[in-house]
Number of protein chains: 2
Amino acid sequence: MSAVEIQRRLTISDVARQAGVSVATVSKVINERYGVSAETASRVQAVIAELGYESSLVARSLRSHQKNVIGILVADFEPFSTELLKGAAHAIRGSGYEIVAYSASGAAEELVGWERRYLSRLSGTLIDGAVLVTPTVVDARYGTPVVAVDPHTGRSGMPTVDSDNLKGAMLATEHLLGLGHRRIGFLGGRLDLESARLREEGYRNALVAAGVEIDPQLIRVGGYRPESAEQPARELLALDDPPTAIFAANDLSAIRTMQVAQDLGLRVPEDLSVIGFDNVPESALAVPQLTTVAQPIQEMGYQAVRMLIDLVEGRSPGQTHVSLPTELVERQSCAPVRTRES
Amino acid sequence: MSAVEIQRRLTISDVARQAGVSVATVSKVINERYGVSAETASRVQAVIAELGYESSLVARSLRSHQKNVIGILVADFEPFSTELLKGAAHAIRGSGYEIVAYSASGAAEELVGWERRYLSRLSGTLIDGAVLVTPTVVDARYGTPVVAVDPHTGRSGMPTVDSDNLKGAMLATEHLLGLGHRRIGFLGGRLDLESARLREEGYRNALVAAGVEIDPQLIRVGGYRPESAEQPARELLALDDPPTAIFAANDLSAIRTMQVAQDLGLRVPEDLSVIGFDNVPESALAVPQLTTVAQPIQEMGYQAVRMLIDLVEGRSPGQTHVSLPTELVERQSCAPVRTRES
DNA sequence: CTGTTAGCGCATTCAC
DNA sequence: GTGAATGCGCTAACAG
């Protein structure tokens, strides 16, 4: 039996018409309510299967308040957020929930408070709750269950998943120190971003602990994006006494830093060591492969969704602040320092 | 001025109340209609900015039929679809469109026809059109503009973006032949998947062209997923006369194949060469790094969204079948064959 | 057991 | 400048 020709979008009344019953009956079958004969039910089921009908997310959430949909709100689909999405997908498997990942990609990206606007756009009508990926503001109370991943302004009162940025940054810096580097540049995020602040603090702590004086010239703001990291990376390498190693506060900046160095005729890691932060898959695609500090990004997504589902279902989650460990991943972009005159 | 305490989700009437005007006036301001004094308009704008209000996607799409939202419908968030998402995000930048990426992750994944049900769930009420990522069926006509990426059953009448699977598979096989391999295993997808069929055809063509006889024992079905690829990979390696190289039809299967080989005490690439297909970022994270055939996945996402926007806006897209080139990416998982007695 | 009917929520857009 | 009807597809309450 071939499917009827569908020109419009499929609605419950298409199913009803095709099965020769009323819309209400179809609804009952779908929601497994009593009061439908087995025969009618199976006929309706057959039509549903034949047409590939599924109820409209929107219309359904108009009536029933439980929607079984969670939102993952991201400023952009870039390596960090898409990694997170993989973990989120894993978390909903078998849970009966669906994922709507939403982004206006850039339209709002630059602006502080994109997460509030996104939430305003989706919550109440479409999703039961949301994971906010690296939101800019978390002090506000929203009318919806929300979990923040790696919020830019720190934890505040909102349920949060992050990783140990301070420890990770110390690991990175200590690794470079261990290779004999003393002039180590730091390409940070922005100081209004909590993770960036902690990474800088880790950098400073490690230097101080090693008795290396901190040179403010070696600390620049890279802004986490390749485009915004390029200029400060150039500035670092143009110093009279340039660094022999650079710790960039995320992988995308680190990768761009390597490219800048190579443009300037420097070899990585022979002439310049570079270390990143995040361990997005792209870090292994870079040439040379990037040594970096790994955050368990997928796991962060997994945990955030688990917490959110607890919240949505009215259970209090085990913890409201989950912090996952970071670790050093050694690849090819760091080498022992060469003495100036070698 | 601090924001009012918001407990419920934000609606247009919250804005109206806060600004001391009617709901209708706020709507006019938002949609830049005439009939609002400049002073009122700017007061309303200020309140909107202060509250971080944005209109509800759902409510808005009830009235206006242009929603400026496109759906990316995926069976699961895995490396291929998330790569695609990056390209899709790039395509909407500055276009005024937003992206809703949707997946029920596994609930429907196994079933043929998930794309029709997903579409039924979102189209009409939420999105203007959709990119279907590796859909299983494309012969049906949907009531919504749709572009298929790498459809499992070939192109049919639907606008499609794919890559040159046949050529790519020949590249992979020729690479192994060039390294001296003659017993080359093939770990395919399923034969109902067009891409898998083409990759097998490329494999066969290359062997025939090189005068190597095709051994049916060396051809197995891996199903594209790590779990489903494991058993057939084991079988290949357990043959009396096992292959010296395996071409797996996608990277995830190839990576699992390397793990199986390592479990069995084989070294890759010394004892077994493995080549994949896709070039997802994970292929560079594998140990050893996977040699593979690259599809320009991000570019595929970019093109698909461009085509879709043309369709949604009623322009006929330049082409309805875009096929992008594949290329060999040499890394570390392939080596010249060793003679049996060496 | 099945059909009829009245909303659900929110933004838009008439008519005033 | 505002009040009130309207759009959508579905569900729930009730009638037959």
Side-chain angles (χ1 to χ4, degrees), chain A residues 6 8-44 47-48 51 53-69 117 119-128 143-144, chain B residues 6 8-17 19-44 48 51 53-69 117 119-128 143-144:
Chain A
I6 294 119
R8 290 177 341 98
R9 60 202 164 281
L10 225 35
T11 72
I12 198 171
S13 34
D14 294 315
V15 176
R17 194 173 324 111
Q18 182 84 354
V21 295
S22 75
V23 165
T25 303
V26 176
S27 175
K28 280 182 197 163
V29 171
I30 291 169
N31 298 288
E32 295 170 320
R33 298 275 177 279
Y34 297 109
V36 183
S37 74
E39 197 207 344
T40 309
S42 69
R43 183 153 39 96
V44 171
V47 172
I48 289 173
L51 298 183
Y53 168 79
E54 193 124 339
S55 67
S56 156
L57 205 51
V58 169
R60 173 186 283 245
S61 66
L62 226 41
R63 301 261 8 174
S64 14
H65 273 212
Q66 175 80 353
K67 306 158 193 70
N68 285 304
V69 178
R117 292 200 310 287
L119 215 41
S120 167
R121 210 146 165 63
L122 300 187
S123 82
T125 43
L126 189 62
I127 58 180
D128 296 313
T144 307
Chain B
I6 293 118
R8 290 177 340 98
R9 62 204 159 281
L10 225 35
T11 72
I12 196 171
S13 34
D14 295 315
V15 176
R17 194 175 323 113
V21 294
S22 75
V23 165
T25 304
V26 177
S27 176
K28 279 184 197 162
V29 171
I30 290 168
N31 298 287
E32 294 170 321
R33 299 275 178 281
Y34 296 110
V36 183
S37 75
E39 196 207 345
T40 310
S42 70
R43 182 155 38 94
V44 171
I48 288 173
L51 298 183
Y53 168 78
E54 192 123 342
S55 67
S56 157
L57 207 50
V58 168
R60 174 185 281 245
S61 66
L62 277 188
R63 304 261 359 174
S64 19
H65 274 215
Q66 175 80 354
K67 305 157 193 72
N68 283 312
V69 178
R117 292 200 309 287
L119 214 42
S120 168
R121 209 148 164 60
L122 301 186
S123 81
T125 43
L126 189 62
I127 58 180
D128 296 314
T144 306

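The chains referred to below are lettered A, B, ... by the order of the sequence lines, with proteins before strands, and numbering in each begins at 1. Remember, predicted model here, so these are calculated numbers, not experimental data.
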Q. Rounded to whole angstrom units, what separation is found between the CG atom of B:L57 and the C1' atom of D:dG7?
A. 16 Å

Q) Among A:I30, A:V26, A:V29, whose side chain to side chain contact (heavy atoms under 4.5 Å, CB included) with A:V15 holds? A) A:V26

(Q) Working note: B:S27 + B:N31, criterion side chain to side chain contact (heavy atoms under 4.5 Å, CB included); need CA distance, chi angles, decisive distance, verdict. (A) CA-CA 6 Å; B:S27 176; B:N31 298 287; 3.5 Å; yes

Q. Rounded to the nearest Å, what distance is computed from the NZ atom of residue A:K67 to the C1' atom of nucleotide D:dG9?
A. 16 Å

Q.
Angle between the two end axes of the helix from C:dC1-D:dG16 to C:dC16-D:dG1, five base pairs per end, rounded to 10 degrees?
A. 50°

Q | Sugar-phosphate only, base, or nothing, as touched by A:S61 at under 4.0 Å among non-hydrogen atoms | A | nothing

Q) Minimum heavy-atom separation for B:V36 to B:A41, with atom names? A) CG1-N, 3.8 Å

Q. In whole angstroms, how far is the P atom of D:dC10 from the CG atom of A:D14?
A. 9 Å

(Q) On DNA chain D, does the nearest nucleotide to B:T125 precede the nearest nucleotide to B:R43 from the 5' side, or the other way round? Give the residue. (A) B:R43

Q. Quick one: are B:S55 and A:R121 in side-chain contact, heavy atoms under 4.5 Å?
A. yes

Q.
Considering every strand and a 4.0 Å limit on heavy-atom distances, what is the contact class for A:T40: base, sugar-phosphate, or nothing?
A. sugar-phosphate

Q.
Tell me the interatomic distance from A:L126, atom CG, to D:dC10, atom C1', rounded to whole angstroms.
A. 15 Å

Q | Separation of A:S123 OG from A:D128 CG (nearest 0.5 Å) | A | 10.5 Å

**Q.** Inter-residue atom distance A:L119.CG - B:L10.CG, 0.5 Å rounding
**A.** 9.5 Å

Q: Using a heavy-atom cut-off of under 4.0 Å over every strand shown, decide if A:V58 touches base, sugar-phosphate, or nothing.
A: nothing

Q.
Under a 3.5 Å distance rule, please check whether A:S120 uses its side chain to pair with a backbone N or O of B:Y53 as donor and acceptor.
A. no

Q | B:R60 (side chain) donor-acceptor with B:K67 (main chain) under 3.5 angstrom | A | no

Q) Going through the checks in order, is the side chain to side chain contact (heavy atoms under 4.5 Å, CB included) test met by A:L126 and B:L126? A) CA-CA 10 Å; A:L126 189 62; B:L126 189 62; 4.0 Å; yes

(Q) Please encode protein proximity along nucleotides 11-16 of chain C as a string of B, S and -, counting only heavy-atom distances under 4.0 Å. (A) BBB---

